[in-house]
Amino acid sequence: MAIIDELRTPLYFAAGTADLAVQQARKVPGLIEQIAAEAPARIEAVRNTDPKAVQEKVTAQAKEAQATVQSKFADVVGGLDTDLKKLGETAQDLALRGVGVAAEYAVKAREKYEEVAAHGEEAVKAWRGEVAEEIVEIAVVVEPEEAKAEETKAEQPVEAAAQPAEAKKPARKTTARKAPAKKAAVAAEKE
């Protein structure tokens with residue numbers, strides 16, 4: 001059974017991913033309507049904006065960012081420890097932290113994978129149930145007479161199974177047994 005479960009999990013993961021994608025796709029029409037409602041106001045705001053004011057604002061932001069980067073770089077260069085032993089220990093510590101973080105992410109990824117696979121399994125069960133209900137509804141609408149005929153056929157094998165069991169008893173009791181079987185058939189026809 002473990003092999004079957006190992007084969008089913010990726011399929012359930014795919015089904016879960018597809019179901020989540022469909023859920024997200026259902027949100028798209030609302031987002032499009034929202035963007036369409038906001039678009040005229042934004043376009044008008046862009047048209048009314050002075051290009052020189054925008055250029056001045058961008059220039060000021062660029063100078064501010066350059067000054068920040070230069071000060072941070074100076075802090076980093078000034079704060080570098082020149083002791084090689086400390087740098088080696090720091091590199092080793094960073095490598096160990098990296099391994100720990102990688103293992104943590106691997107565990108989180110596995111948990112998410114299992115969550116999506118479980119969601120996919122539930123989605124598959126829901127799809128199967130919905131499809132089965134729809135097929136039954138369509139069959140009853142399209143072929144109501146055949147559905148009734150199938151119900152009576154389903155009852156007849158039960159009666160037929162009861163008759164061979166009665167036939168196995170001694171021959172002198174078979175005539176007495178036939179009368180109850182006819183009564184059961186009459187009762188089934190009345191239903």
**Request:** State whether the number of non-hydrogen atoms from other residues, nucleotides or ligands found under 6.0 Å of Gln92 atom CD is greater than 12.
**Result:** no

**Fill in**
Heavy atoms of Pro40 and Ala37 approach each other most closely as CD-O, 3.6 Å

**Asked** Are any of the side-chain nitrogens in Glu56 or Lys52 under 4.0 Å away from the carboxylate oxygens of its partner?
**Response** no

**Prompt:** Any donor-acceptor pair under 3.5 Å linking the side chain of Asn48 with the backbone of Glu44?
**Reply:** yes

**Request:** State, yes or no, whether a side-chain contact exists between Thr9 and Tyr113 at a heavy-atom distance under 4.5 Å.
**Result:** yes

**Item:** Point-to-point distance, once rounded to the nearest 0.5 Å, from CG of Asp19 to CD of Glu121
**Value:** 13.0 Å

**Euclidean distance, Gln24 CD relative to Leu31 CG, rounded to 0.5 Å** = 9.5 Å

**Request:** For the residue pair His119 and Gln23, establish whether any side-chain heavy-atom pair is separated by less than 4.5 Å.
**Result:** yes

**Asked** Do Val116 and Leu11 sit in the same hydrophobic cluster, where Ile, Leu, Val, Met, Phe, Trp and Tyr count as joined when their side-chain heavy atoms come under 4.5 Å apart?
**Response** no

**Asked** Salt bridge between Glu111 and Lys108, side-chain N to carboxylate O under 4.0 Å?
**Response** no

**Complete:** OG1 of Thr59 to NZ of Lys57, rounded to nearest 0.5 Å, is 12.0 Å

**Request:** Could you tell me the separation between the CD atom of Gln61 and the CD atom of Glu64, rounded to the nearest 0.5 Å?
**Result:** 7.5 Å

